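Have a look at the structure below, then the notes.
For the single chain, residues carry numbers from 1 onward in sequence order. Just so it is clear, the model here is predicted, and its values are computed rather than measured.
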Amino acid sequence: MPIIAFDEAHGASWSIDANIAQQSTPRQPEYHFFGHLAELLGSDVNFRCIRFTDKFSVESLRGIDVLILVDPILSGLDDDLGLGSAIYSREELQALEQYVRNGGGIAIFGEHSPEIRTPNLKKLTEIFGFRQSNGIVLTPESPENAHILSRHFQIDHIVRSPITRGVSSFSYHKGSAFQIFDHDIAKAIAFAPDEHASVVLVLAQLGHGAVIGIGDTDLFSIPYIGMNDNIQLFKNIIVFLSSGESDMFQPGFLTEKSYFKSIYYNRNLREVITPIDCSQCYSELHVELDPFDISKSNTFLDEAELRFQQLPRNIRKEVNDFKRNGNKYGCLLLTGLEPDPALPSTPADSRRQKNKTTYWSESYLSALSRGLGEIFSYQQEKDGVLYHNICPVQKNETELSSESSAILLDFHTETAFHPLMPDFVLLYCLRSDHDGEAKTEVASTREIIKNIPIGLRGILFQSCFRTGIDFSFGSESGTQGNGPLLPIFTGNPYDPFMRFDPDLMEGTSQQAQKALDQMKLAMNTSKNFIRMQPGDLAIIDNRRAVHSRSIFIPKYDGKDRWLQRVYVVRDICSSDEYIRTRQRIVCVEFRP
């Protein structure tokens with residue numbers, strides 16, 4: 001059984017041990033976890049994968065068929081896991097050369113901008129006739145955006161060889177190129193589609209062994225390995241280095257495994273996070289103005305912002321940190337915000353409760369919102385009011401709306417179809433349901449993405465999902481797929497933003513629909529819940545989390561569940577094209 005060793009003794013930024021990656025980088029362990037590569041080799045090719053944690057020497061390398069190296073990171077330059085010295089000694093370089101001459105194979109995963117990293121790989125690859133180029137490989141985008149340079153692109157200029165058997169293209173993300181200076185030893189295998197036709201994949205042979213260099217680590221990371229033929233390329237590289245030509249090449253290889261399953265899934269968030277106790281300062285937030293009076297509404301919000309600034313430092317710090325960084329649950333919970341005194345009956349519909357003559361709840365929502373950004377509303381949503389009453393309405397028990405109770409309101413991001421989505425959704429509980437059973441469920445992208453099979457993740461970043469327009473925004477039937485074509489995930493592949501609404505969204509291909517269905521499963525695997533109690537205020541990160549609401553039984557006796565909701569955008573000024581002059585109402589029109 002061939003032995004594949006992942007070097008973790010020289011300043012590696014990743015580990016094949018999930019516990020090490022989780023403990024060293026708890027905020028984003030997937031960025032530093034490459035255990036899926038060991039899984040691929042162990043389960044499909046029957047290789048034995050080990051962590052290499054020693055210095056390179058003739059003795060320590062004995063018995064290893066393939067050694068996988070990553071560009072070592074100097075401490076302080078980037079996230080490193082503290083796994084050994086980042087510098088290869090002269091004796092180690094000599095040992096590596098001897099290892100290859102004797103028949104060993106080395107796979108080198110380079111990185112962008114090697115000039116700011118250690119000289120290790122430069123010194124090593126020069127033994128084999130090539131070196132990494134400085135900088136980053138960039139290529140023009142599609143013709144309509146040719147003025148923009150892309151750091152993520154497709155490679156399809158590939159030399160046919162055992163390394164590229166079954167590989168018609170592979171993705172490349174923020175990597176470097178190679179310079180070949182000894183063409184008797186090193187050969188170019190793949191080229192970037194830039195004006196220089198930069199070499200991005202190299203094969204070098206010395207003695208009885210071989211070295212393969214590729215200038216990008218990310219294409220074999222969890223978010224990217226499912227794109228194009230990246231999986232096949234990785235397997236080909238390792239199989240070739242271990243045995244040259246082989247009968248182990250099997251097309252269509254795909255793993256359906258997930259990583260970093262959390263023990264916290266489907267639990268009450270009160271048990272896994274520490275709610276922010278506001279019981280000692282809630283009275284400081286009250287604004288004695290009528291927020292529904294148009295002439296006073298902006299004054300009300302300005303005063304609420306000042307009240308937020310007067311909150312204790314620890315509360316402001318928690319809110320500010322959540323605004324910038326979010327958390328693994330996609331939700332921040334504040335408690336102890338006493339409901340209005342002499343609370344009137346729960347509204348029979350979602351319109352304003354006229355008998356509510358104090359504005360404690362609106363003050364809480366406004367103050368916390370101003371710590372996050374700016375409150376806004378949609379013209380089509382409850383006539384453009386800023387503060388939404390969320391309560392059961394008997395005639396709408398089974399409708400897909402916040403007024404329902406007899407059906408599950410499934411996971412979704414708020415207004416996924418809209419060009420201006422809320423950054424945050426705030427929910428404040430004035431009155432809980434009679435039985436205390438209604439759940440507000442939340443699932444964060446940071447947990448969801450761990451439960452998406454490797455081969456499907458890349459699809460979710462592509463614009464191959466068409467969402468529908470909500471009925472209240474002009475859609476005649478709330479039909480699936482009658483709205484814009486969108487990706488589900490955008491941004492950082494390890495910590496993406498998300499737009500998702502399963503009731504309105506459909507995939508435009510069989511593979512896209514498969515990825516969409518997998519998203520639904522992953523959300524239910526990753527969810528946690530809150531049973532909202534009077535005085536609770538939940539801040540949901542609408543760009544990084546979906547939320548849902550369970551079935552509950554109202555009595556329509558004036559004492560039913562009553563939440564208030566507001567939408568918040570970080571920067572209202574950047575949204576002027578959607579906003580009425582000097583108002584907070586978004587008035588984008590949608591085609592029926």
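- Counted by atom type alone, Asn228 and Gln154 present one or more donor-acceptor pairs between their side chains at under 3.5 Å.
- Ring orientation note: the planes of Phe489 and Phe461 are tilted relative to one another, at an angle of 30° to 60°.
- Ring geometry for His412 against His547 counts as tilted: the plane angle lies between 30° and 60°, on a 0 to 90° scale.
- There is a side-chain donor-acceptor pair under 3.5 Å between Ser526 and Asn451.
- Side-chain atoms of Asp277 and Ser279 include a donor-acceptor pair closer than 3.5 Å.
- Salt bridge absent: Lys174 and Asp218 never bring a charged side-chain N and a carboxylate O closer than 4.0 Å.
- Checked for salt-bridge contact, Arg565 and Glu381 meet the test: a charged N lies under 4.0 Å from a carboxylate O.
- Cation-pi geometry between Arg561 and Phe552 is met: the NZ or CZ atom falls under 6.0 Å from the ring centre, inside 45° of the normal.
- The six-membered or imidazole ring of Tyr567 lies near that of His388, with a centre-to-centre distance under 6.0 Å.
- With 3.5 Å as the limit, one finds a donor-acceptor pair spanning the side chains of Thr346 and Arg431.
- No salt bridge links Glu441 with Arg549; every basic N to acidic carboxylate O contact stays at or beyond 4.0 Å.
- The pair Glu506-Arg466 does not count as a salt bridge, with every side-chain nitrogen at least 4.0 angstrom from each carboxylate oxygen.
- A side-chain donor from one of Asn230 and Ser171 sits under 3.5 Å from a side-chain acceptor of the other.
- A salt bridge links Asp302 with Arg370; the closest basic N to acidic carboxylate O contact falls under 4.0 Å.
- Counting heavy-atom neighbours within 6.0 Å of Gln309 CD, excluding the residue itself, gives a total above 12.
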